[in-house]
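Scroll down for the structure; my scribbles are underneath it.
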Amino acid sequence: MKTYVTKRILQMIPLFIGVALVTFLILSLVGDPFTQMMVNPRIRPADIARLKHQWGFDLPIYLRFFKWFWSMLTGNWGLSIFAGGRAVTELVGHAIGWTLKFSLAAFILAFVVSVPIGIYSAIRQYTLFDYVFTGFSFFGMSMPTFWFGFVLLMIFGLKLHWLPIGGIMTPGMESAPFFARVLDQAKYFILPVIVLSFFQMGSWMRYTRSSMLEVVHQDYLRTARAKGLPERTVIVKHALRNALIPIVTLLGLALPGLISGAMITETVFAIPGMGRLTLNAMTSNDFPLAMACLLIESYLLILGNLVADLLYAMVDPRIKYS
Amino acid sequence: MIGELTQQKEVSTRVEGYWYLVGKHLKKHKLAVFSMFLLAIIVLLCVFGPYFTRYTMNEMGNATTDVLQAPSSRHWFGTDELGRDVFTRVLLGGRISLLVGFSSVFSALLVGIVVGAYAGYYGGILDAVLMRFTDIMFSIPVLPLLVVLSSVIPGAGVWKIVLIIAIFGWMTDARIIRGLFLSLRESEFTEAARAIGVSNAGIIWRHLLPNALAPIIVSATLGVGGNIIYEAALSYLGFGVMPPTPSWGNILQNAQYAMTIAPWLVWTPGLAILITAIGFNFLGDGLRDAMDPRLYR
Amino acid sequence: MATRLVEVQKLKKWFPIKGGIFSMTVASVRAVDEVSFFINQGETLSLVGESGSGKTTTGRTILKLLQPTSGKIIYKGKDITKFTADQMRPLRRNMQIMFQDPYGSLNPRMPVGDIIREPLDVHSIGTRKERQQAVATMMETVGLRPEYEKRYPHEFSGGQRQRIGVARALIINPELLVLDEPISALDVSIQSQIINLLQELQQRLNLTYLFIAHDLAVVRHMSDRVAVMYLGKIVETADNDELFDHPLHPYTQALLSAVPVPDPEAKRERVILQGDVPSPVNPPSGCHFRTRCPYAMPICKEQEPAMIEVAPGHTAACHLLTKR
Amino acid sequence: MEKNEILVDVKDLQTYFFTDDGVVKAVDGMGFTIRRGEVVALVGESGCGKSVASLSIMRLIDKPGKIIGGELLFEGEDLLKKTEEEMRKIRGSEIAMIFQEPMTSLNPVYTIGNQISEAISLHQKIHATEAKKRTIEMLHLVGIPEPERRFSQYPHEMSGGMRQRVMIAMALSCNPELLISDEATTALDVTIQAQILDLMRGLQKKLGMAILIITHNLAVVAEMADTINIAYAGKIVESASAKDIFKSPRHPYTYGLLQSIPKFTEKKTNEPLPAIEGMVPSPYHMPKGCYFNPRCPCATEKCREEEPEIVELTPGHLVRCFHPIES
């Protein structure tokens, strides 16, 4: 097991570097933000050259990459070019909290809803229950996230006035007592969490269902029945345990969807999270901030996959760690 | 069990080729058949519909009487803030959205097939290099980079969007095909082809690829729906197909500012995307069942 | 004097096992471990052994479908061990293989006519029309109706598929045919049909067979000579009747006695081997069979027994024979 | 408990599969008996319905299959009339079963100890430590070395032969009256097959349960069975003592099968084997009359029109044929 873990962790290193390199190259394609300023006649070329030098954009690209990568490793993530020169770490630190809060809520909601339903659908294949939730899951998978957001906003925000139409808290609530603040925030979170988890629910239900169906036809279930076990034991002990093995990988599979889903959901509901921060950094060509955002998201993805792999190895006794 | 029971085949009078059997099984999948009809209608409407509507794409109505009209018998889906007929625009936008959906899937598949087939068949260093590259591409969040690319690649046309979606869309196909080729290259019929003296290229394209077709087709079908949604999301963020060319995505983006006073602008293009995507998902699912290799040994 | 069609000298095929943090080769599966034998023109040599004995790997290595680790493969006096894929291609006309799995060995997306014709296409033999004619003739030869050439493999039964496999192998007139367990996946009543077909074709076309099997009754019926394999090594070789009537190696004896006989009144002395076949990754020292051998002696652990010719054409590798 | 008492009496069993392409009459009027302590074989080629028949006795037929008729008397009571709950108590305790694929028949995520003791504590209502003791005893009984260590191993850590021993230990752990062995040695190598057959013979003598052997291998049957039933296309075509079946087969199918197996005790000849022509009919298009008539060398007009009934030709020797071979 130790060898396996070490091996998987070592395998991540080239991946980390590769991702950084590719992201760096793609972002560099845009060109540096200062050259673009040249179209503005009020900025003097000398100032631009000074700025370029100050931010290191006058170096050849490979040197820039190494310099940047090294400073990133040493924890110096630099300053944002446009957000008033604030530290990238500060901006990211602020945004990531919101994103983690509400994507975690969405993840948990999607998980607890879809996995049991998927399993029950498989056991009751071709019943009304199965058909209804098959329909539901296709609906979820086919729903354009932002449109769903609009529709919910229109109904619950604009028409019924039950819920706020975006943002993260009612102005003035910052100093309210803890309980009131949580309640207030929950109101703001309901719609984005539903929107973000909706897509995941659909695909996870399908995934769980087919993973369970796969197991239901295995020989060892026939053996379990031949032993005279009650049907409940056959399903819960023998089938479920095996069906859950591939479901562990959902954890890794879910992350890309959550990250790109968060970007859109945050925009629709005006949440100042990572998605919006990334998007703003991209559109304003704020190189240090954009790089930091993208890398954090990539590394989260890679780590998520690692955790899923290790969990998989833990729950499946057949995996050998040689 | 049934497989064993019916192992004794009797050669029937009809040549039951693969596609004949797939069709036979697909017919039993009611939702898939329904989706096929639905999609056919949507495609036909989008392609030919605009020739029959009373309005052209950018025709603006009378500034006082035709702006932001709710759906009526004159304007089935209402009109927008410029007095344009939404029905006509949704049909025209459908052309673009479907075009983007199909062509981006097609281009991504081409890359995915080549990468996956060669990595899976040859294995070794080639496989290691290609798959590490695939891993890297997989680990980068797609949406922000799509945004970057759309500002880097010049032009504003539909093909740009297709290219962008394809650049980040081939990895899944590559992985699926690699996995298939890894197992197919060990099969006895591959070994038989090698024993006859068939070249590697012959084995890859003539023997293995036809056997990998089923998952490719399923993935492509599901992909069309997915990419239509992708295009819409890009458009929503302001990086998709640029107006005045309408697509379902940019019609929606345009509509959000009028959400409070003209909700019909939000409903129709969104429903168009939803219904089309559901159609492709159901069809893909039906195809997956109908092409299940376990059905045709 | 019969001419030697194929000769194999000290053939070795090891498959590396990767492992550890840096995926280095940590061990090897010794599938075939210094095997030597020959096949004469027109005869059937059977390679017998249980799963994991390396018989299938041997068959595929001879055809260069697998690259040997070391040793020599000599075909008609030519050393083909180091031949590249391009050099092998013309030779593929002379040596063909038929597989075990009637379901896996035919491309499910190809009509059977195309499957049978493909060898002719690959080697550019004849005109289009001639090839078509050859396919029809071949299908009739193996007992399939030529009208069925447009049909797909899934429309045929297991036995018919094996006939298709034979047709594909024989359409380019090979001299050597490797039969890799060609009948073990078939029903009893179909097995005899295929055995008869193979024997009839051998006589008619003067074919040489390397027959790989685990069913000893079929081996007795089919072969001229028999080689017994255990854990990557040949332990005994002899003429058919000689081997079955006077087995010398303890493994051969045990194997023969393990075979059930379709006669409820036959009362036989039985040697039931204990334990499982050891892993080919880490075979026992000395004689590979010693861990299950009822006659194991101290020397068996230390020294690998040499192959000795006990009688003309009858060789075996066992320390019991040297002591005698 | 009398030795000759009938334990299982299968009467006119019909198990059909309702597929999209039509009805497959997998078992179509099959009947045979098993006495206490007797080893009975059900022999036939693939598609003859032998496995379906055995699963029918366990009432483990999955959709789209269904037992639609007949009687399954076990100790005088019809299993088809039992509720699922009553049936569950019989499975694993009075009738146990082992399967062909030792690789896939054990649950990969539980230790073998867990899987065996599960059945014991379920049927015998004993404490876990007691069940563990009994499990280790059983592992020892089926010849697994170091049973204490093996108890906590997973199936993938064992060889095929060892797993089949585990299956046998599991099946016999509650002292069943009947053990059904569905092609249990088919996937094994000859020397391992010999071990398992030897083990089963020994355990049968020691424990005295009846065994129903389902197989296509006549040689295995010759070594094991007291009585042999030959099945063809869902029906029993011949039933007799092992000796009678091998010495004087009366049905042309049985005769053809016996003739077509090469014998390794005889010297090599260049004669072709006497093979049965043609193949088993498709379950969707059964021939009219006797199901064997298209392949039968002695078929007459009558065979093509009428279906023969099974008749007792000599005491204990039943044949379903209009023109049985003279003994």
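None of these values were measured; they are calculated from a predicted model. Per chain, numbering begins at 1; letters A, B, ... match sequence-line order.
By number of non-hydrogen pairs under 4.5 angstrom with chain C, the leading residue of D:Q195, D:M162, D:H216 is D:Q195. With chain C as the partner, the residue from D:A225, D:G161, D:S260, D:A242 showing the most heavy-atom pairs under 4.5 Å is D:S260. The most heavy-atom pairs under 4.5 Å with chain C, out of D:G160, D:A219, D:S159, D:P272, come from D:A219. By number of non-hydrogen pairs under 4.5 angstrom with chain D, the leading residue of C:H214, C:Q203, C:R220 is C:R220. In terms of non-hydrogen atom pairs under 4.5 Å with chain D, the most contact-rich of C:I195, C:D276, C:L273 is C:D276. The candidate with the highest count of non-hydrogen atom pairs below 4.5 Å against chain D, out of C:V271, C:D215, C:L256, is C:L256.
Contact annotation for C:S257: neither backbone nor side-chain heavy atoms come within less than 4.5 Å of a heavy atom of chain D.
Of all the heavy atoms in C:V259 and D:E223, the pair that sits closest is O-OE2, 4.3 Å. Across D:V190 and C:A258, no two heavy atoms sit closer than the pair O-CB, 3.9 Å. Taking all atoms of both residues into account, the shortest heavy-atom contact from C:V188 to D:E45 is N-OE2, 3.9 Å. Across all non-hydrogen atoms, the minimal contact from C:E50 to D:D189 is OE2-CB, 3.1 Å. In terms of heavy-atom proximity, D:G278 sits nearest to C:I190 at O-CD1, 3.8 Å. Considering every non-hydrogen atom in both C:Q199 and D:E271, the closest pair reads OE1-O, 4.2 Å.
Shown here is D:Y255, whose OH atom has no more than 12 heavy atoms of other residues, nucleotides or ligands within 6.0 Å. Within a 6.0 Å sphere centred on NZ of D:K247, other residues, nucleotides and ligands contribute more than 12 heavy atoms.
Contacts from residues 139-150 of chain D to chain C, taken as heavy-atom pairs separated by less than 4.5 Å, involve no residues at all.
The closest side-chain heavy-atom distance from C:M222 to D:P262 is not below 4.5 Å. With contacts defined as side-chain heavy-atom distances shorter than 4.5 Å, the pair D:L273/C:Q193 does not qualify. Between C:S192 and D:I261 there is no side-chain heavy-atom pair separated by less than 4.5 Å. The shortest side-chain heavy-atom distance between C:D263 and D:K263 does not fall under the 4.5 Å cut-off.
From C:Q274, atom CD reaches atom OG1 of D:T191 across 10.5 Å, with rounding to the nearest 0.5 Å.
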